[in-house]
Q: 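I have a structure here, written as structure tokens, and I will follow up with some questions on it.
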Amino acid sequence: MTAKVLTVAGSDVSGGAGLEADLKMFEEYGAFGTAVVTCIVTFDPNDRFAHVVEFIDPEVVNRQLESTLAVHTFDTIKSGMLGSVDSALVLAEELRTNELPYVFDPVLVCKGVGTMVDLKDLFVDNLVPLATVITPNLEEAATLADLDPIDSVEGMIEAARIIHAQGAENVVVKGGARLAGEDAVDILFDGETVTTLRSRKVNDKLVNGAGCSFASSIAAGIATGLNIREAVIAAKEKVAHGIANCLDNATGVASLLHPAARTQPSPEVSVTVD
């Protein structure tokens, strides 16, 4: 039977991130994906491709969510940029009424915008406790855990433990290219065991969509029968190949190539798990 995955996220017209990235990654697992649009991210070519984020009316978000949940029976739900308090509360209410695995990418900052969306308290109170897997980057993990900026693996582990105590079943803190060193490091904490995933950084480019794609890959992995650890490792591998084969564009932030692990795997990519 074909797995079905729902993403609740923003639309990124560059194609590298947001629901566009999610749907591409779902396809790589042979899963059928649908999307609820929470906002639309565009770029101003006359102002250094500055991001412009336009939020969808929460009533429309709610109508989308109710519609797609009525049309399909899903195996997993994934969320990315929710944008507004009302949209986040709508999603939380729907999640409380079902027991579907939920992968929560707690987007608090849009790459290129540089400001935090003030949803931290709402996330901690309403969505973190519902998460089967939560996938914050370093900045998001520090914000959710009320820590100083994270610059070490030890800091990532500390944040993961705090966020797990807030109610998330599994925490993946994404170090990626932002953590200093030769390796891109991510941490998985399931409440008992810390698993460290490493892959050699294959370039020094800032790549749009890596975080979105990591979370959506985990969601698709779970939907297609992988356990959490297997899903996280598979996601790490797919995203690493996508980064290695990223596409340059006019914005200056490269676009992840989602099918790269399948179509043009990089010999430089190797994931180690401790």
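Quantities reported herein were computed from a predicted structural model and do not represent experimental measurements. Values below: all heavy atoms of this structure, side chains included; hydrogens, waters and symmetry mates excluded.
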Q: Glu59: which residues meet the side chain to side chain contact (heavy atoms under 4.5 Å, CB included) condition with it, sequence neighbours left out?
A: Asp57, Arg63
Q: Once you round to the nearest 0.5 Å, how far does OG of Ser67 lie from CG of Asn62?
A: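 Interatomic distance, Ser67 OG to Asn62 CG, rounded to 0.5 Å: 9.0 Å.
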Q: If I compare all heavy atoms of Pro136 with all of Ile163, which pair ends up nearest, and what's the gap?
A: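 Here Pro136 and Ile163 meet closest at CG-CD1, 4.1 Å.
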Q: When you group the ILVMFWY residues by side-chain heavy-atom contacts below 4.5 Å and let the links chain together, are Ile157 and Ile162 in the same group?
A: no
Q: Side chains of Val273 and Lys236: does their closest heavy-atom pair fall under 4.5 Å?
A: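 Of all side-chain heavy-atom pairs linking Lys236 with Val273, none is under 4.5 Å.
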Q: Start with the C-alpha gap between Arg161 and Glu158, add the side-chain angles, then the distance that decides, and say whether salt bridge (charged side-chain N to carboxylate O under 4.0 Å, His left out) holds.
A: CA-CA 5 Å; Arg161 292 183 182 279; Glu158 181 183 5; over 6 Å; no
Q: Got a donor-acceptor contact below 3.5 angstrom from the Thr97 side chain to the Glu94 backbone?
A: yes
Q: Taking a hydrophobic cluster as the set of Ile, Leu, Val, Met, Phe, Trp and Tyr residues connected by side-chain heavy atoms closer than 4.5 Å, whether directly or through intermediates, do Ile134 and Leu130 fall within one such cluster?
A: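 Result: yes, single cluster for both.
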Q: Short question: side chain of Asn203, backbone of Ile243 - any donor-acceptor pair under 3.5 Å?
A: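 Such a contact is found between Asn203 side chain and Ile243 backbone.
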Q: If you apply the rule side chain to side chain contact (heavy atoms under 4.5 Å, CB included), what do you find for Arg229 with Thr195, and how did you get there?
A: CA-CA 8 Å; Arg229 188 174 187 273; Thr195 302; 4.1 Å; yes
Q: Should the pair Glu182-Lys201 be classified as a salt bridge under the 4.0 Å nitrogen-to-oxygen rule?
A: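 No, this pair does not count.
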Q: The test is side chain to side chain contact (heavy atoms under 4.5 Å, CB included); show your working for Asp248 and Lys205 and say whether it passes.
A: CA-CA 9 Å; Asp248 292 329; Lys205 295 180 180 180; 3.1 Å; yes
Q: Who passes ring-ring contact (aromatic ring centres under 6.0 Å, His included) against Tyr102, sequence neighbours left out?
A: Phe104
Q: Any link between Val13 and Leu247 through a network of hydrophobic side chains (Ile, Leu, Val, Met, Phe, Trp, Tyr) touching at under 4.5 Å?
A: no
Q: Which pair of heavy atoms, one from Ser266 and one from Ala244, lies closest together, and at what distance?
A: CB-CB, 3.7 Å
Q: side-chain contact (heavy atoms from CB on, under 4.5 Å) with Val103: which of Ile228, Thr132, Ile222?
A: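 So, applying the side-chain contact (heavy atoms from CB on, under 4.5 Å) to Val103 and each of Ile228, Thr132, Ile222, only Ile222 qualifies.
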Q: Tell me whether Arg200 is salt-bridged to Glu268, with the criterion being a basic N under 4.0 Å from an acidic carboxylate O.
A: no
Q: Using atom types as modelled and distance alone, determine if a side-chain donor or acceptor of Glu27 lies under 3.5 Å from a backbone N or O of Lys24.
A: no
Q: Closest heavy-atom contact between Cys212 and Asp22?
A: O-OD1, 3.4 Å
Q: So, the side chain of Gln64 versus the backbone of Val37: is there a donor-acceptor pair under 3.5 Å, distance only?
A: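 A pair under 3.5 Å: yes.
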Q: Given the rule in the side chain to side chain contact (heavy atoms under 4.5 Å, CB included) test, do Ser79 and Leu91 qualify, once you have shown the distances and angles that lead to the verdict?
A: CA-CA 9 Å; Ser79 73; Leu91 174 60; 3.6 Å; yes
Q: Please round to the nearest 0.5 Å and tell me the distance separating atom CG of Leu256 and atom CE of Met25.
A: 6.0 Å
Q: Is it true that the side chains of Thr68 and Thr34 contain a donor and an acceptor less than 3.5 Å apart?
A: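 Distance-only check passes for Thr68 and Thr34.
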Q: If hydrophobic clusters are built from ILVMFWY residues whose side chains come within less than 4.5 Å, do Leu147 and Val194 share one?
A: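 Per the 4.5 Å side-chain linkage, Leu147 and Val194 are not co-clustered.
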Q: State, to 0.1 Å, how close Phe214 and Val232 come at their nearest heavy-atom pair, and which atoms those are.
A: CE2-O, 4.0 Å
Q: Keeping Thr224 on the side-chain end and Gly221 on the backbone end, is there a donor-acceptor pair under 3.5 Å?
A: yes
Q: Kindly confirm or rule out a cation-pi arrangement of Lys238 over Tyr29, judged by NZ or CZ under 6.0 Å from the six-membered ring centre and within 45° of its axis?
A: yes
Q: State, yes or no, whether a side-chain contact exists between Glu28 and Ser217 at a heavy-atom distance under 4.5 Å.
A: no
Q: Indicate yes or no for a side-chain donor-acceptor contact from Asp186 to the backbone of Gly175 under 3.5 Å, with no hydrogens or angles considered.
A: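 Such a contact is found between Asp186 side chain and Gly175 backbone.
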Q: Verify, without hydrogens or angle tests, whether Asp86 (side chain) and Val90 (backbone) share a donor-acceptor contact under 3.5 angstrom.
A: no
Q: Which residues satisfy the side chain to side chain contact (heavy atoms under 4.5 Å, CB included) test with Asp204, sequence neighbours excluded?
A: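 Scan of Asp204 (side chain to side chain contact (heavy atoms under 4.5 Å, CB included), adjacent residues dropped) gives none.
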Q: Can you see which heavy atom on Ala31 is nearest to which on Val5, and at what distance?
A: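 Answer, listing the atom of Ala31 first, then Val5: CB-CG2, 4.0 Å.
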Q: So Pro106 and Leu144, do their side chains get closer than 4.5 Å, heavy atoms only?
A: yes
Q: Same cluster for Val128 and Leu108 if Ile/Leu/Val/Met/Phe/Trp/Tyr side chains link at under 4.5 Å?
A: yes
Q: Out of the candidates Leu65, Val71, Thr73, only one should pair with Leu69 under the side-chain contact (heavy atoms from CB on, under 4.5 Å) rule; please name it.
A: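 Single side-chain contact (heavy atoms from CB on, under 4.5 Å) partner of Leu69 among Leu65, Val71, Thr73: Leu65.
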Q: Evaluate the criterion side chain to side chain contact (heavy atoms under 4.5 Å, CB included) for residue pair Ser14 and Phe43; output intermediate values, then yes/no.
A: CA-CA 8 Å; Ser14 76; Phe43 305 86; 3.8 Å; yes
Q: Between Lys120 and Asp146, does any side-chain N to carboxylate O distance fall below 4.0 Å?
A: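 Counted as a salt bridge, because a side-chain N and a carboxylate O are separated by less than 4.0 Å.
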Q: Report yes if some heavy atom in the side chain of Leu127 is under 4.5 Å from a heavy atom in the side chain of Leu95; otherwise report no.
A: yes
Q: So, taking the atom named CD1 in Ile150 and the one named CG in Asn137, what distance separates them when rounded to the nearest 0.5 Å?
A: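 Answer for the CD1-CG pair, Ile150 versus Asn137, is 9.0 Å.
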Q: May I ask you to decide if Thr135's main-chain N or O and Lys174's side chain share a donor-acceptor pair within less than 3.5 Å?
A: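 Yes; at least one donor-acceptor contact below 3.5 Å.
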Q: Is there a side-chain contact between Glu237 and Val269 in this structure, where contact means two heavy atoms from C-beta onward sitting under 4.5 Å apart?
A: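 No, side chains not in contact.
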Q: With rounding to the nearest 0.5 angstrom, report the CZ to CG distance, Phe32 to Leu23.
A: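 So the gap between those two atoms works out to 9.5 Å.
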Q: Side chains of Leu179 and Val153: closer than 4.5 Å at any heavy-atom pair?
A: yes
Q: First locate atom CG of Leu19, then atom CE of Met81, and finally report the distance between them rounded to the nearest 0.5 Å.
A: 11.5 Å
Q: Does the side chain of Leu82 come within less than 4.5 Å of Phe123's, by heavy atoms?
A: yes
Q: I need the Cys246 SG to Leu257 CG distance, nearest 0.5 Å.
A: 9.0 Å
Q: Looking at Ile40, is its backbone amide N or carbonyl O close enough to the side chain of Glu54 to form a donor-acceptor pair, meaning the two atoms are under 3.5 Å apart?
A: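 Such a contact is absent between Glu54 side chain and Ile40 backbone.
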Q: What are the two closest non-hydrogen atoms of Ala223 and Thr76, and how far apart are they?
A: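 Shortest heavy-atom contact: CB-OG1, 3.3 Å.
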Q: Test your reading of the model: is there a side-chain donor-acceptor pair from Asp105 to the backbone of Val107, 3.5 Å cut-off?
A: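 A pair under 3.5 Å: no.
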